[in-house]
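Chain letters run A, B, ... following the sequence lines, proteins first, then strands; residues in each count from 1. Treat the numbers as computed from the prediction; the structure is a model and nothing was measured.
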Protein chains: 2
Amino acid sequence: MATVYQHGTLGMLMEGLFAGTITWAEVLKHGDTGIGTLAGLNGEVIVINGEVYQGEASGKVNHITDLSTTTPFATVAFFDENAVAMTLPALYEGGLDRFAEEQQIQNTFALFELHGSFKHVKIRIAPKSEEPYPTLAEVADNQPEFEADEIDGTLLGFFSPALYEGAVVAGWHLHFISDDRTFGGHLLDYTAGDLEGNYQIFDDFNLHLPIQNQAFRDYHQDMQGLAESIRAAEGTAE
Amino acid sequence: MATVYQHGTLGMLMEGLFAGTITWAEVLKHGDTGIGTLAGLNGEVIVINGEVYQGEASGKVNHITDLSTTTPFATVAFFDENAVAMTLPALYEGGLDRFAEEQQIQNTFALFELHGSFKHVKIRIAPKSEEPYPTLAEVADNQPEFEADEIDGTLLGFFSPALYEGAVVAGWHLHFISDDRTFGGHLLDYTAGDLEGNYQIFDDFNLHLPIQNQAFRDYHQDMQGLAESIRAAEGTAE
């Protein structure tokens with residue numbers, strides 16, 4: 001009974017519901033590994049070994065130690081006895097896509113955490129928005145990107161089946177953080193040496209919704225063109 | 001922390017994954033009220049007060065007391081202290097759709113259980129399929145329908161937001177069972193007197209997937225036209 005826990009939906013972010021509706025203290029009860037953002041869609045969060053780091057749009061990485069800090073969106077899990085050690089060799093053609101295909105995880109939620117030496121990393125960081133919040137598509141037009149060469153670090157995040165797109169980011173949703181915790185964000189592209197770490201598939205997906213939040217209760221999801229907007233707004237690493 | 005628990009997905013059923021992958025004993029741990037089917041897409045299940053009833057395609061209703069009976073798909077929940085008593089008056093124009101709009105539940109998972117005297121009820125019952133299983137669209141072309149007049153009973157089921165279509169049946173997914181437990185199935189249409197009962201919204205949606213089932217691991221979801229197929233295959237009451 002391993003569970004992926006997600007607070008909020010991609011659909012909400014698409015519509016500009018960026019208010020913080022859960023604390024990181026609460027999120028961490030459901031996982032010590034994962035990804036997210038902060039209230040106002042303020043940057044890219046990576047949760048690693050139970051520690052919360054935020055890549056902000058300046059390019060700086062902040063260690064979030066005040067866990068009363070809130071977020072509109074987070075996805076976390078615990079690795080457990082079902083975690084599988086894996087190596088992604090530098091010369092393994094097809095990378096994570098091929099690995100996922102070989103492992104037949106196309107219909108499952110999976111968590112990946114892979115560490116190693118990266119020859120090149122390209123990340124993107126959502127800039128903090130102020131109320132009244134823009135849509136995710138509007139934010140996406142204005143997101144700084146950063147690149148680094150010869151950097152040790154970890155790529156970490158989830159694979160989710162296409163069936164759940166809209167609720168989640170379908171396919172890969174990976175963030176990156178350097179070993180020295182000074183460079184991190186939403187992973188757009190990379191080349192790397194051998195990567196080593198763990199992955200796990202999950203039989204339970206627990207979606208937690210902010211049903212007491214008035215903006216959540218009020219809003220109307222624009223289903224028309226949701227898929228296209230997601231494609232436009234969400235760069236993926238693979 | 002009220003939770004809707006669902007085993008399996010509508011997407012799986014669309015692709016003909018009708019094998020029983022969970023027992024009703026296990027499902028009932030997560031709710032005493034809800035809907036589902038049996039292995040082979042054998043009929044329409046309604047769970048009421050913790051009892052499992054199956055409307056089968058002959059029109060007969062069976063009380064399922066052997067809880068080792070399995071299902072590919074079930075959605076259940078417990079009403080708790082957040083349940084709200086409600087009346088749906090016979091003359092209330094717009095019915096459940098208007099009620100849902102007034103209560104602003106468009107973005108939430110909600111459970112409804114409403115009892116009363118029905119002037120007319122029309123139901124549909126999926127016939128049992130044998131392996132190799134057909135797709136849901138193929139089954140949908142061959143589903144018997146039944147009608148009853150002046151019948152006391154309960155309509156029961158879920159409202160789910162459009163965002164989750166494919167994982168769930170978006171909108172209304174309601175089943176009906178008569179008080180004497182002899183008439184029941186997937187609710188297509190009704191006219192009724194005053195209906196009284198409860199509804200509840202949920203902050204947690206727990207999707208449980210049969211990740212140890214080889215057919216589940218193997219299959220490829222046809223996302224193209226999924227929405228259209230769902231529309232064609234799933235009649236709804238509202």
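A/Y164 touches chain B through its side chain: at least one heavy atom from C-beta onward sits under 4.5 Å away, while N, CA, C and O do not. Contact annotation for A/Y219: both backbone and side-chain heavy atoms come within less than 4.5 Å of a heavy atom of chain B. Looking at A/E101, there are no atoms closer than 4.5 Å to chain B (heavy atoms on both sides), in backbone or side chain. Looking at B/T9, only its side chain comes within 4.5 Å of chain A, counting heavy atoms on both sides. Looking at B/Q6, there are no atoms closer than 4.5 Å to chain A (heavy atoms on both sides), in backbone or side chain.
When each of A/D203, A/N82, A/I105 is tested with B/I211 by the rule side chain to side chain contact (heavy atoms under 4.5 Å, CB included), just one qualifies, namely A/D203.
Here the side chain of A/Q104 pairs no donor or acceptor atom with the backbone of B/Q214 at under 3.5 angstrom. A/R217 contributes no side-chain N or O that, together with a main-chain N or O of B/Q106, makes up a donor-acceptor pair within less than 3.5 Å. Not a single donor-acceptor pair under 3.5 Å links the side chain of B/Q221 to the backbone N or O of A/A162.
Listed here is the closest heavy atom pair of A/N107 and B/L209: O-CD1, 3.9 Å.
Separation of atoms CG (A/L163) and CG (B/L207) is listed at 8.5 Å; rounding is to 0.5 Å.
Between chain B and the options A/T3, A/N206, A/D204, A/I201, heavy-atom pairs under 4.5 Å are most frequent for A/D204.
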